[in-house]
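A note on names: the letters A, B, ... follow the listed sequences, proteins ahead of strands, and every chain is numbered from 1.
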2 protein chains.
Amino acid sequence: MTTTDSGVRQRTRRAILEAAAAVWARDFSASLGDIADRAEVSRSTLHRYFPERQALVDALLIDSQARLEEAWNGALAVSSTAIETVENIMAAIVDLADQILFLFSDPTRFVGNPHWTSDEDDGLPDLLRAAQSDGELDPDIDPHFVMGVMYSLIYVTAESVASGTLPRHKAAETAVRIFRHGLSPRS
Amino acid sequence: MTTTDSGVRQRTRRAILEAAAAVWARDFSASLGDIADRAEVSRSTLHRYFPERQALVDALLIDSQARLEEAWNGALAVSSTAIETVENIMAAIVDLADQILFLFSDPTRFVGNPHWTSDEDDGLPDLLRAAQSDGELDPDIDPHFVMGVMYSLIYVTAESVASGTLPRHKAAETAVRIFRHGLSPRS
DNA sequence: GCACAATGACACGTCGGTGTCCCATTTTCA
DNA sequence: TGAAAATGGGACACCGACGTGTCATTGTGC
């Protein structure tokens with residue numbers, strides 16, 4: 001706790017968080033035992049780092065949101081137009097698929113959780129509207145539906161990478177292309 | 001059981017199956033109590049129709065596959081080209097979203113279940129390959145990945161219809177258009 | 001080598017979902 | 001109307017996940 005967060009503690013902590021994201025992204029009802037197994041840690045150890053289930057949920061929630069925001073800002077920094085920003089964000093979060101799934105697969109999962117930053121105040125809907133105004137996305141489609149398409153494309157590409165159907169280096173490009181072409185204005 | 005499956009029994013049975021599909025499509029770990037509530041039936045009644053959890057799972061599995069096959073055959077009957085068949089199938093199964101989700105959201109859910117007809121022997125991959133040969137779909141994309149995109153589009157459109165974001169009468173058209181444009185060959 | 005933190009294995013008690021009865025009440029139909 | 005069918009709801013035992021604790025073992029820094 002003091003100076004002795006010697007690499008070990010941080011590494012086990014990260015291993016547990018990674019495992020939790022990977023497991024809970026697919027099945028939020030998975031037991032702590034499953035997560036401990038995935039993290040290659042005993043259930044006792046898991047409980048020492050996160051005394052109760054909720055503590056792990058909160059920690060993963062905070063961590064996932066932080067990493068997502070980091071990716072978001074990185075994408076913003078290198079983009080000029082709205083559609084370019086959207087594409088860069090998609091490309092960036094393909095690597096955060098587990099975290100995204102954990103965060104957004106069930107809209108009611110974190111209601112009432114003090115650590116949950118509602119996705120209303122991030123600028124994605126506004127960004128999509130801007131892309132629609134620029135003539136890059138079909139203006140007749142609801143931005144929230146577009147977000148749904150984004151997330152589901154993230155999901156399938158990540159799943160396909162995990163199962164070996166899709167090579168990792170093609171994942172981001174593929175997802176972005178389907179998104180871009182599928183939602184372009186009617187020609 | 002004999003001639004006396006007087007409408008009543010059939011209707012409650014259907015109500016339970018519908019409820020189970022709707023609930024388990026989103027969370028397969030949901031309790032039988034949740035399903036009974038959704039079906040507006042007491043838990044006792046549910047147990048009378050399906051003595052154990054597995055019995056309900058099997059019944060829903062059989063029912064969902066039957067309805068899917070029916071939609072499949074209907075789409076086949078009115079289509080001539082491969083891509084047309086795919087589009088008609090997509091349009092048809094938007095209304096079966098709950099059943100599709102229940103059947104395919106977890107690939108490992110029914111392994112070993114004697115009632116499970118592996119999706120290897122339905123012709124979807126072949127159909128997609130045919131559409132690729134016809135120049136209607138990008139030939140560089142793995143058919144199984146295309147199937148993933150199909151299912152995820154079914155999912156988002158159905159979710160959006162349920163949440164009121166997307167009008168029902170536009171659901172099928174929207175899903176098909178995104179699929180078609182998103183996966184068309186590079187131009 | 002010695003102290004001390006970290007980990008793993010095990011042992012409880014609690015709680016919710018499940019499966020099974022049983023009985024009262026309502027609905028259906030002859 | 002009256003019998004049969006169908007349903008609702010409570011009581012109970014069972015089981016697995018969870019939360020908490022203890023104790024032995026490992027390994028890390030001094």
Side-chain angles (χ1 to χ4, degrees), chain A residues 1-61 102 106 108-113 115, chain B residues 1-61 63 102 106 108-110 112-113 115:
Chain A
M1 197 62 102
T2 59
T3 64
T4 328
D5 267 356
S6 165
V8 186
R9 284 197 67 84
Q10 287 304 323
R11 266 183 286 115
T12 29
R13 187 187 145 89
R14 284 244 54 87
I16 293 174
L17 285 176
E18 288 294 327
V23 172
W24 280 344
R26 274 105 191 144
D27 178 15
F28 188 55
S29 69
S31 75
L32 297 181
D34 293 339
I35 294 177
D37 291 347
R38 175 81 172 229
E40 294 180 308
V41 169
S42 81
R43 199 167 67 91
S44 316
T45 302
L46 190 152
H47 273 289
R48 263 182 220 100
Y49 281 79
F50 306 97
E52 49 197 354
R53 185 186 174 96
Q54 190 59 43
L56 178 53
V57 171
D58 291 345
L60 182 55
L61 175 56
F102 169 72
D106 178 7
T108 72
R109 186 172 291 172
F110 302 119
V111 289
N113 190 314
H115 303 103
Chain B
M1 198 61 101
T2 58
T3 64
T4 327
D5 267 355
S6 165
V8 185
R9 288 194 67 85
Q10 286 304 322
R11 264 183 288 117
T12 33
R13 187 187 145 90
R14 285 243 55 86
I16 294 174
L17 286 176
E18 287 294 326
V23 172
W24 279 345
R26 273 100 191 152
D27 177 14
F28 188 54
S29 70
S31 74
L32 297 181
D34 293 338
I35 293 177
D37 290 347
R38 175 82 172 226
E40 294 180 304
V41 167
S42 78
R43 199 167 67 91
S44 311
T45 301
L46 191 151
H47 273 289
R48 259 180 221 106
Y49 282 78
F50 306 98
E52 49 198 354
R53 187 186 173 97
Q54 191 57 44
L56 178 54
V57 171
D58 291 345
L60 182 56
L61 175 57
D63 181 67
F102 168 73
D106 179 7
T108 71
R109 186 171 292 171
F110 302 119
N113 188 313
H115 302 104

Round to the nearest Å and state the distance from A:Leu32 atom CG to D:dG16 atom P. 17 Å
Evaluate the ring planes of B:Trp24 and B:Phe102, with Trp represented by its six-membered ring, and classify them as parallel (under 30°), tilted (30 to 60°) or perpendicular (over 60°). parallel
Measuring to OP1 and OP2 of D:dA6, would you say a side-chain N or O of B:Arg9 lies under 4.0 angstrom away? yes
Heavy atoms of B:Leu60 and B:Leu17 approach each other most closely as CD1-O, 3.6 Å
Write down the distance between NE2 (A:His47) and P (C:dT14), rounded to a whole number of angstrom. 17 Å
Using a cut-off of less than 4.0 Å, is there contact between a side-chain N or O of A:Ser31 and OP1 or OP2 of D:dG16? no
A:Arg53 atom CZ is separated from D:dG19 atom C1', nearest whole Å, by 12 Å
Regarding B:Glu40, tell me which of base, sugar-phosphate or nothing describes its non-hydrogen contacts under 4.0 Å with the strands shown. sugar-phosphate
Between atom CD1 in A:Ile16 and atom C1' in C:dA6, what is the gap in whole Å? 12 Å
Between C:dA9 and A:Ser42, counting only base atoms on the nucleotide and side-chain atoms on the residue, is there a donor-acceptor pair under 3.5 Å? no
Tell me the closest heavy-atom pair linking B:Ala39 and B:Ile16, and the distance in Å. CB-CA, 4.0 Å
Heavy-atom closest pair, residues A:Leu56 and A:Ala20: CD2-CB, 4.1 Å
Please give, in whole Å, the distance from C:dG17 P to B:Asp27 CG? 11 Å
Rounding to an integer number of Å, can you tell me how far B:Arg11 CZ sits from D:dA5 P? 17 Å
Does D:dG8 have its OP1 or OP2 closer than 4.0 Å to a side-chain nitrogen or oxygen of B:Thr45? yes
Whole-Å gap separating C1' (D:dT22) and CZ (A:Arg48): 10 Å
With a non-hydrogen cut-off below 4.0 angstrom, is A:Arg43 in contact with a base, only sugar-phosphate, or nothing? base
How many Å lie between OH on B:Tyr49 and P on D:dA5, as a whole number? 13 Å
A:Thr12 vs C:dT7: side-chain N/O to OP1/OP2 distance below 4.0 Å: yes
Answer yes or no on whether A:Arg26 is positioned over the face of B:Phe28, meaning its NZ or CZ is under 6.0 Å from the six-membered ring centre and within 45° of the axis. no
